[in-house]
Amino acid sequence: MKLERYPGNPILAPIPEHEWESRTVFNCGVAQLGDVVVLIYRAQGAANDVSRLGFAVSTDGFHFGRLDRPVFEPGHETETKGVEDPRLTKIGDDFHMLYTAWSPDAIQVAMATTRDFFTWRRHGIVLPGPDNKDAAIFPEKVGGRYVLFHRIPPAIWLAYSDDLIHWGDYRKIMDPRPGNWDDLKIGAGGPPLRTDQGWLVIYHGVSTDKVYRLGVALLDLEDPARVLNWPGDCVLQPEEPWEIEGDVPNVVFTCGTAEVGDRYFVYYGGADKVIAVATAKKADLVRFAARG
Ligand code: BMA
């Protein structure tokens, strides 16, 4: 089972005339408002490595219009080196964005909330470093508590909260698999997708030779610390020229998936330089995650 690339990929690329996104346009969080898909994407200019976040919007999930300026930029001493890899979850009326706050001292998870993607309320660091990232909040409470994925190298962990601000009860759920394509480190993609078989996780795995691929697993709906099934094969690996060569070679990296009709639309960064989408029939991907 492999995700199917949209033939028009990549769907978003750097724009030389916009300094802040002139070098890279890549890993993006995904939000859905009815038929509209919003991407909050990571971008870098030629001047330095600092990442800012841009805004793109589409009615079909393939063709995106975008703003000419960032909608979220470093604004605190914990993120002077950049705001990276946003993941979005709608809870009540608010979209909750977890992102990597990068400073000379630490890599940490920060949160900001919004209703319109232009005005943001900052909540600061929610998961302290020295090295924690790849965090995404589940779309609903589980067992009366909020849950999120996060990554303390090299594994995927959960954390729990009553108020979305204070997170604790860290539990490791998935470790890199020796000898496999995900043997060096792993991290969750976007928020998990609820299915009747369990929580579907799409995650990235890095191999010892530094190739980033995507895989899936299925977690128990009532106790997501329980992995129900974890197929050995990846569902996407760098093959296209713009996945193999870019700012960082051999990378496919996802921060979010949209549900469009009977398909999942997985948005991903190619070689840390462009944005692409690959899709799968929901029933096929869930069947693979459950039995593959
Ligand atoms: C990870 C993150 C991602 C990036 C990947 C490949 O550590 O920085 O944003 O896509 O490395 O460079």
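Each ligand, and each atom within it, is numbered from 1 in the order the structure gives.
A salt bridge links Arg5 to Glu243: one of the charged nitrogens lies within less than 4.0 Å of a carboxylate oxygen.
None of Ser207, Pro154, Pro153 except one satisfies the side-chain contact (heavy atoms from CB on, under 4.5 Å) rule with Lys185; the exception is Pro154. When each of Asp284, Thr257, Thr279 is paired with Arg263, the side chain to side chain donor-acceptor pair (under 3.5 Å) condition holds for Thr279 and for no other.
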Only distances under 3.5 Å count here; give the side-chain donor-acceptor pairs of residues 117-124 to other protein atoms, sequence neighbours excluded, each with its distance to 0.1 Å.
unit_1: Thr119; atom_1: OG1; unit_2: Asp116; atom_2: OD1; d: 2.9
unit_1: Thr119; atom_1: OG1; unit_2: Asp116; atom_2: OD2; d: 2.8
unit_1: Trp120; atom_1: NE1; unit_2: Val71; atom_2: O; d: 3.1
unit_1: Trp120; atom_1: NE1; unit_2: Phe117; atom_2: O; d: 3.2
unit_1: Arg122; atom_1: NH1; unit_2: Glu79; atom_2: OE2; d: 2.5
unit_1: Arg122; atom_1: NH1; unit_2: Tyr99; atom_2: OH; d: 3.4
unit_1: Arg122; atom_1: NH2; unit_2: Glu73; atom_2: O; d: 2.7
unit_1: His123; atom_1: NE2; unit_2: Thr113; atom_2: OG1; d: 2.8

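Sorted by first and then second residue, the pairs that involve residues 265-292 and meet ring-ring contact (aromatic ring centres under 6.0 Å, His included), not counting sequence neighbours, are Phe62-Phe265, Phe64-Tyr267. Within the structure, every pair that satisfies the salt bridge (Lys or Arg N to Asp or Glu O under 4.0 Å) test and touches residues 86-95, not counting sequence neighbours, is listed here: Arg87-Asp134, Asp94-Arg115.
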List, pair by pair, the atoms of ligand 1 and of the protein that are both N or O and lie under 3.5 Å apart, giving the separation rounded to 0.1 Å.
unit_1: ligand 1; atom_1: 7 (O); unit_2: Lys133; atom_2: NZ; d: 3.1
unit_1: ligand 1; atom_1: 9 (O); unit_2: Asn27; atom_2: ND2; d: 2.9
unit_1: ligand 1; atom_1: 9 (O); unit_2: Arg42; atom_2: NH1; d: 2.6
unit_1: ligand 1; atom_1: 9 (O); unit_2: Asp85; atom_2: OD1; d: 3.0
unit_1: ligand 1; atom_1: 9 (O); unit_2: Asp85; atom_2: OD2; d: 2.6
unit_1: ligand 1; atom_1: 10 (O); unit_2: Asn27; atom_2: ND2; d: 3.0
unit_1: ligand 1; atom_1: 10 (O); unit_2: Asp272; atom_2: OD1; d: 2.7
unit_1: ligand 1; atom_1: 11 (O); unit_2: Tyr212; atom_2: OH; d: 3.1
unit_1: ligand 1; atom_1: 12 (O); unit_2: Asp272; atom_2: OD2; d: 2.6

